[in-house]
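Only this structure's heavy atoms are used, side chains among them; waters, hydrogens and symmetry mates stay out.
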Amino acid sequence: MEELLIKNGFVYDPINGINGEIMDIAVKNGKIVEKVEGKNVRTIDASKMIVMPGGVDIHTHIAGAKVNAGRMLRPEDHFKDVEVKTERTRSGVGHSIPSTFTTGYRYARMGYTTVFDPAMAPLKARHTHEELNDTPILDKGAYPLLGDWWFVLECLAEKKIEECAAYVAWTIKATRGYAVKLVNPGGLEAWGFGGNMRNIDDIVPNFNISPREIIQGLCEVNELLNMPHTIHVHTNNLGKPGNYVTTLETMKCVENLAREDKPLIHITHCQFSAFKGRDWRTFESGAEEIAKYVNNHNHVTVDMGQVVFTDTTTMTADGPFQFILYQISGNKWVNSDVETETGTGIVPFRYKRKSYVHATQWSIGLELALLIKDPRKIFLTTDHPNAGPFTYYPKIISWLMSRGARERILKKINRRARQKSLLPTIDREYTFYDIAVVTRAGQAKALSLGRKGHLGVGTDADIAIYNLDPTDVDPSKDYRLVRKALERAAYTVKGGEIVVRDGEIVKSVEGKTFWVDVETSPSVNEFAPKLKQVFEDYYTVQYENYIVPEHHLAVSSPVHVKAEI
Ligand SMILES: [Zn+2]
């Protein structure tokens, strides 16, 4: 492996407090080191360029059974966007649901090096990991869906927190998962009977438990297990007018569990959960209320779920929400149930500038990002591909950095949406430092990935270099230049190897899969027979077949934690 010296770049490394200083970064054996010297060192001249840690995406649907069902549902998504084979890369297709190889290349071209798929049905974990194995260059991980699982509901209804923690620990290890994901807690179980949860105090059919108790219970479980990430929550009532109240209640319901200033809950793709109004006619933004709460509390982080005006594919475990979207759009629809665990829905969707609702959604995402004062509390996502494909991140960055870029779009959107939008009242423009926070530092921190998201000595040498001179380019005016430079990194370095040069893949390497190896006390094993019985009673696979063996991961990278049970 080459030794690298990245010379004279403007370095943005928020975790180490570096804000655009001209510095050299040295790389050896895949890690960042103090210095390198000798004739084997390859020098990259990064003068007049920006150097950042590799991008980190905390929430992007790129792999697994649901994503693949989306690919099969949408041949039209493949026809219009083809990635041709080169000497170093494989061919692929897909605008909103790219094939695995294409996904890896496209992220790497933008300088991203670590991504997490947030919705792994435990029973489909093997499939998810097979696709992640086939996604080149990137390091990755996946969050098992646990908020509607029968084990979890039964234990929490009986207030057996430790027993629930034992099952969750087992599931995280068995599925090689990274974080506890909740989607419309209780609502997916209700959907099995054609129902849904109307608020966080509704009662889940057959289980005598409310979403509030599920959220609080899994939050306690997450703390008992010392998981590296907080619970990752897709709220009840997502996508419905008036849901900002549910979102505030969701954040509030774990407030009393907060210790120190540590985050306890992550509200994902918050845009979809920040709606005011009684119905679609009175629909409007609830971003101000959400931002106010997040500004005043430190136990919450959120990500944007920013809408872009394009054709895309919505896919979520939130089956009842997808049914609503199917009814609204009249598009084709997939609905699926995964035994006693979770479900899914998929609907193609086009966000239109001239639609009042879509244009307001576009505004809400940006309002959240601009009204939440501390960029370490909000991360840039599109909930790929739900609000738009991840390839639009550079465009979103241009909106965050430039009032002018926002105004340009505002002029073109639905008139009523423009009149109601808060954006004209907001002057804030993100700096490159802020961008480095919302696209890498904050996300790595939220995932407790100490080796990612910064350029300190000893971290993984994942580095993005963009052809932008911050002393010359004014992002407020030159937002197009910023967007172009971020779309095609001058260099992407992954684990010490140059994988992208001038926006082209020059080398494809294999990425690691992170999963949490939870260590529990031996007494926890007493729950195993009960777990086995559940498989006997309800599952089409047996306990032993359910576990994804570690050798099934192309490059396994366990993160060890010691649980308090
Ligand atoms: Zn999502």
Side-chain angles (χ1 to χ4, degrees), residues 61-72 100 117-134 140-156 163-183 185 188-189 191-193 204 206-207 214 218 221 225 315-319 334-346 513-518 520 524-554 556 558:
H61 301 266
I62 56 163
K66 169 182 62 161
V67 174
N68 209 40
R71 292 187 189 112
M72 287 189 282
T100 51
D117 187 285
M120 172 165 71
L123 191 58
K124 309 282 177 91
R126 219 172 265 256
H127 183 163
T128 307
H129 286 296
E130 276 163 7
E131 291 203 11
L132 291 178
N133 286 345
D134 261 0
K140 48 243 156 183
Y143 314 150
L145 291 151
L146 297 172
D148 280 78
W149 209 14
W150 285 10
F151 296 140
V152 170
L153 300 183
E154 274 175 9
C155 286
L156 294 182
E163 188 174 335
C164 183
Y167 293 142
V168 170
W170 179 83
T171 314
I172 292 281
K173 281 198 283 188
T175 62
R176 311 290 159 189
Y178 194 83
V180 174
K181 175 75 182 295
L182 291 80
V183 172
L188 310 190
E189 178 55 30
W191 179 235
F193 304 90
V204 184
N206 307 319
F207 284 94
I214 301 172
L218 281 176
V221 162
L225 298 181
M315 48 175 68
T316 163
D318 195 344
V334 171
N335 179 62
S336 161
D337 182 65
V338 189
E339 304 200 355
T340 68
E341 295 180 341
T342 181
T344 195
I346 309 168
T513 300
F514 295 114
W515 58 279
V516 180
D517 180 19
V518 193
T520 47
V524 161
N525 293 336
E526 72 195 52
F527 299 119
K530 196 169 157 190
L531 194 63
K532 286 185 180 172
Q533 192 57 47
V534 173
F535 276 88
E536 292 269 319
D537 293 346
Y538 300 116
Y539 269 79
T540 51
V541 299
Q542 289 311 300
Y543 174 87
E544 289 77 11
N545 297 330
Y546 188 83
I547 300 162
V548 180
E550 192 176 358
H551 65 77
H552 211 78
L553 311 181
S556 169

**Complete:** Looking only at heavy atoms, the pair that brings Ala165 and Val221 closest together is CA-CG1, 3.7 Å
**Where Gly70 and Ile346 come nearest, the two heavy atoms and their spacing** = N-CD1, 3.6 Å
**Prompt:** Do Tyr538 and Glu341 pass the side-chain hydrogen bond (donor to acceptor under 3.5 Å, both in side chains) test, and can you show the C-alpha distance, the side-chain angles, and the key distance before you say yes or no?
**Reply:** CA-CA 11 Å; Tyr538 300 116; Glu341 295 180 341; over 6 Å; no
**Message:** Just to verify, what does Asp148 make a side-chain contact (heavy atoms from CB on, under 4.5 Å) with, not counting sequence neighbours?
**Reply:** Leu188, Glu189
**Message:** Just checking Trp170 against Tyr543, ring centres under 6.0 Å apart?
**Reply:** yes
**Asked** Does Asp117 reach the main-chain N or O of Ala142 with its side chain, forming a donor-acceptor pair under 3.5 Å?
**Response** no
**Atom pair CG/OG1 of Asp134 and Thr100 - distance to nearest 0.5 Å** = 4.5 Å
**Fill in**
Rounded to the nearest 0.5 Å, the OG1 atom of Thr128 sits from the NZ atom of Lys140 at a distance of 13.0 Å
Report, one line per pair, each donor and acceptor closer than 3.5 Å where one atom sits in a side chain of residues 530-537; sequence neighbours left out.
unit_1	atom_1	unit_2	atom_2	d
Lys530	NZ	Glu163	OE2	2.7
Gln533	NE2	Asp537	OD1	3.0

**Request:** Find out whether Val338 and Pro122 are in side-chain contact, i.e. whether some heavy atom of one side chain is under 4.5 Å from a heavy atom of the other.
**Result:** no
**Item:** By side chain to side chain donor-acceptor pair (under 3.5 Å) - contacts of Asn335 (at least two apart)
**Value:** Trp191
**Message:** With rounding to the nearest 0.5 angstrom, report the NE2 to OG distance, His551 to Ser556.
**Reply:** 11.0 Å
**Prompt:** Any side-chain heavy-atom pair from Pro185 and Val204 closer than 4.5 angstrom?
**Reply:** no
**Prompt:** In chain order, what residues pass the ring-ring contact (aromatic ring centres under 6.0 Å, His included) check against His61, with sequence neighbours excluded?
**Reply:** His59
**Request:** Determine whether Met315 and Thr344 make a side-chain contact, defined as any pair of heavy atoms from C-beta on separated by less than 4.5 Å.
**Result:** no
**Request:** Would you name the heavy atoms of Ile172 and Pro144 that are closest together and state the gap between them?
**Result:** CD1-CG, 3.8 Å
**Request:** State, yes or no, whether a side-chain contact exists between Thr342 and Leu123 at a heavy-atom distance under 4.5 Å.
**Result:** no
**Request:** Would you give the length of the straight line joining atom CG of Leu153 to atom CD1 of Ile214, rounded to the nearest 0.5 angstrom?
**Result:** 5.0 Å
**Nearest heavy-atom neighbours spanning Asn133 and Ala554** = OD1-N, 2.9 Å
**Prompt:** Do Thr540 and Glu339 touch side chain to side chain, with heavy atoms closer than 4.5 Å?
**Reply:** yes
**Prompt:** How would you list all residue pairs meeting salt bridge (charged side-chain N to carboxylate O under 4.0 Å, His left out) that involve residues 122-133, not counting sequence neighbours?
**Reply:** Arg71-Glu131
**Prompt:** Between Val152 and Tyr167, is any pair of side-chain heavy atoms under 4.5 Å apart?
**Reply:** no
Please output the side-chain donor-acceptor pairs of residues 174-182 that fall under 3.5 Å, not counting sequence neighbours, one pair per line with the distance.
unit_1	atom_1	unit_2	atom_2	d
Thr175	OG1	Thr171	O	2.7
Arg176	NE	Lys173	O	3.4
Arg176	NE	Val548	O	2.8
Arg176	NH2	Val548	O	3.0
Tyr178	OH	Leu447	O	2.7
Lys181	NZ	Pro118	O	2.9

**Request:** May I ask you to test the Phe207-Leu156 pair for a side-chain heavy-atom distance under 4.5 Å?
**Result:** no
**Asked** How far apart are the C-alpha atoms of Ile62 and Leu132, what are their side-chain angles, what is the distance that settles it, and do they pass the side chain to side chain contact (heavy atoms under 4.5 Å, CB included) test?
**Response** CA-CA 8 Å; Ile62 56 163; Leu132 291 178; 4.0 Å; yes
**Asked** How long is the gap from CH2 on Trp150 to CG on Asn206, to the nearest 0.5 Å?
**Response** 8.0 Å
